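All chains are named by letter (A, B, ...) in the order of the sequence lines, taking the proteins before the strands, and each is independently numbered beginning at 1. Quick caveat, the model's predicted, so the values are computed rather than measured.
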Number of protein chains: 2
Amino acid sequence: MNENINNKLNAKSIKPTAMRQLVLHVLAEQKSAVSMQELEQKFEKADKVTLYRTLKTFEEKKLIHSIDDGTGSIKYALCRESCQCRPEDLHVHFYCTECKQTYCLNDIPIPSVNLPVHFTLENINMVVKGICANCI
Amino acid sequence: MNENINNKLNAKSIKPTAMRQLVLHVLAEQKSAVSMQELEQKFEKADKVTLYRTLKTFEEKKLIHSIDDGTGSIKYALCRESCQCRPEDLHVHFYCTECKQTYCLNDIPIPSVNLPVHFTLENINMVVKGICANCI
DNA sequence: AAGTTGATGCAATTGAGTTGCAAAGTTGTT
DNA sequence: AACAACTTTGCAACTCAATTGCATCAACTT
Ligand SMILES: [Mn+2]
Ligand SMILES: [Mn+2]
Ligand SMILES: [Zn+2]
Ligand SMILES: [Zn+2]
């Protein structure tokens, strides 16, 4: 388990400090994306700034991706192994208005859009809101 | 011009106060979506809370829609006549990373997504980031 | 005119995110 | 081991958009 965590950190050339191991460990066991605040509460004692910078580092190194689901707080979730965070790696996200959870729909790629002429694409954010399967 | 503004307000059963007429007038002449702050600066003297509440009212009455483009400030744009803000009325939005403008791509409907079983759809937000035609 | 309702203006608060800076930890060199 | 150079962490303070409270003002109603 710890070896696995360290491997993941090393693979993305992130120095495996105690804090980073802990954060990655917690992130890995989430079923849905989490906010900084939620993450903070999962630790006995955690400074939110350290958490903030840890997440920034993880995101820069493409270990996690952030999701702006429109709720006012950014959510974070682990990237898949193969993910390079390129437009073709992007997937749809789902925000359940019942349980307030944000899910990565990893298997649903963002459909392509025909932009007007001379518009070039860098990135797409697609968040579907509704009721998830658990809340029906 | 003023009759037109009042007609639009009446059509959505919004009492046409001076403030609301002004705000709608300014909104109508925008080529791209605007934030509350940008709107505030377009008036000599405008209280941002009144503006805030005006926009809330307009949005509730479906005269305008808000766009969370991921920049940290919500943008607002007029709805089209026919718009009921139902999922089928939704369109793609485009944020230009060069000119920092957010555009309604009114003619580009949001492509449909095949959600996993038992997920029900209420709403979709799709924001494409890139470079707009003016900034190429 | 008095009463009721809704709209507006100003001050203050919220809350997520961010920055500054010093202390603590790490790594490499003499 | 001692030192310097660099990175990471923790605490306090700050930013900035959004929001709330409350008093005042305007527009109808009886
Ligand atoms: Mn995701
Ligand atoms: Mn729009
Ligand atoms: Zn749910
Ligand atoms: Zn542009």
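Remark: P of D:dA27 and CD of B:Gln21 are 12 Å apart, rounded to the nearest angstrom. Atom CD of B:Gln37 is separated from atom P of D:dT15 by 16 Å (rounded to the nearest Å). Nucleotide D:dC16 holds its P atom 13 Å from the CD atom of B:Gln41, rounded to whole Å. The separation between A:Lys56 atom NZ and C:dG17 atom C1' is 8 Å, rounded to whole Å. D:dG10 atom C1' lies 18 Å from atom CD of A:Glu44, rounded to whole Å. Between B:Lys48 atom NZ and D:dA18 atom P there is a gap of 9 Å when expressed in whole angstrom units. Put simply, CZ on A:Arg20 is 16 Å from P on C:dG25, counting in whole angstrom units. One interatomic measurement links the two molecules: CG of B:Leu55 to P of C:dA7, which rounds to 14 Å at whole-angstrom precision.
Within the 4.5 Å cutoff, the side chain of B:Ser66 has no heavy atoms near those of the B:Leu55 side chain. Contact of the B:Met19 side chain with the B:Leu51 side chain is registered, since non-hydrogen atoms from C-beta on lie closer than 4.5 Å. When side chains are defined from C-beta on, B:Asp69 does not count as touching B:His93, because their heavy atoms never get closer than 4.5 Å.
Side-chain atoms of A:Val49 lie closest to C:dT19 of the nucleotides C:dT19, D:dT19, C:dA16. The side chain of A:Asp47 has D:dG10 as its nearest neighbour among D:dA17, D:dT19, D:dG10. Checking D:dT9, C:dG17, D:dG21 against every side-chain atom of A:Ile74, the shortest atom distance belongs to C:dG17. For B:Tyr52, the side-chain atoms get nearest to D:dT20 when compared with the rest of D:dT20, C:dT19, D:dT9. Relative to the side chain of B:Thr54, the nucleotides C:dT8, D:dT19, C:dT18 differ in distance, and C:dT8 lies closest.
At least one side-chain nitrogen or oxygen of A:Lys45 sits closer than 4.0 Å to the OP1 or OP2 atom of D:dG10.
To the nearest 0.5 Å, atom CD of residue B:Glu98 and atom CG of residue B:Asn134 are 11.0 Å apart.
Taking both residues in full, the closest heavy atoms of B:Cys96 and B:Ile131 are given as SG-CA, 4.0 Å, listed atom of the first, atom of the second, then distance.
Nucleic acid contact for A:Lys15: sugar-phosphate only, since backbone atoms but no base atoms lie under 4.0 Å from a heavy atom of the residue. Backbone-only engagement by B:Thr17 is indicated by non-hydrogen atom pairs under 4.0 Å involving sugar-phosphate atoms exclusively.
Checked by distance alone, A:Arg53 brings no side-chain donor or acceptor within 3.5 Å of a matching partner on the base of C:dG17.
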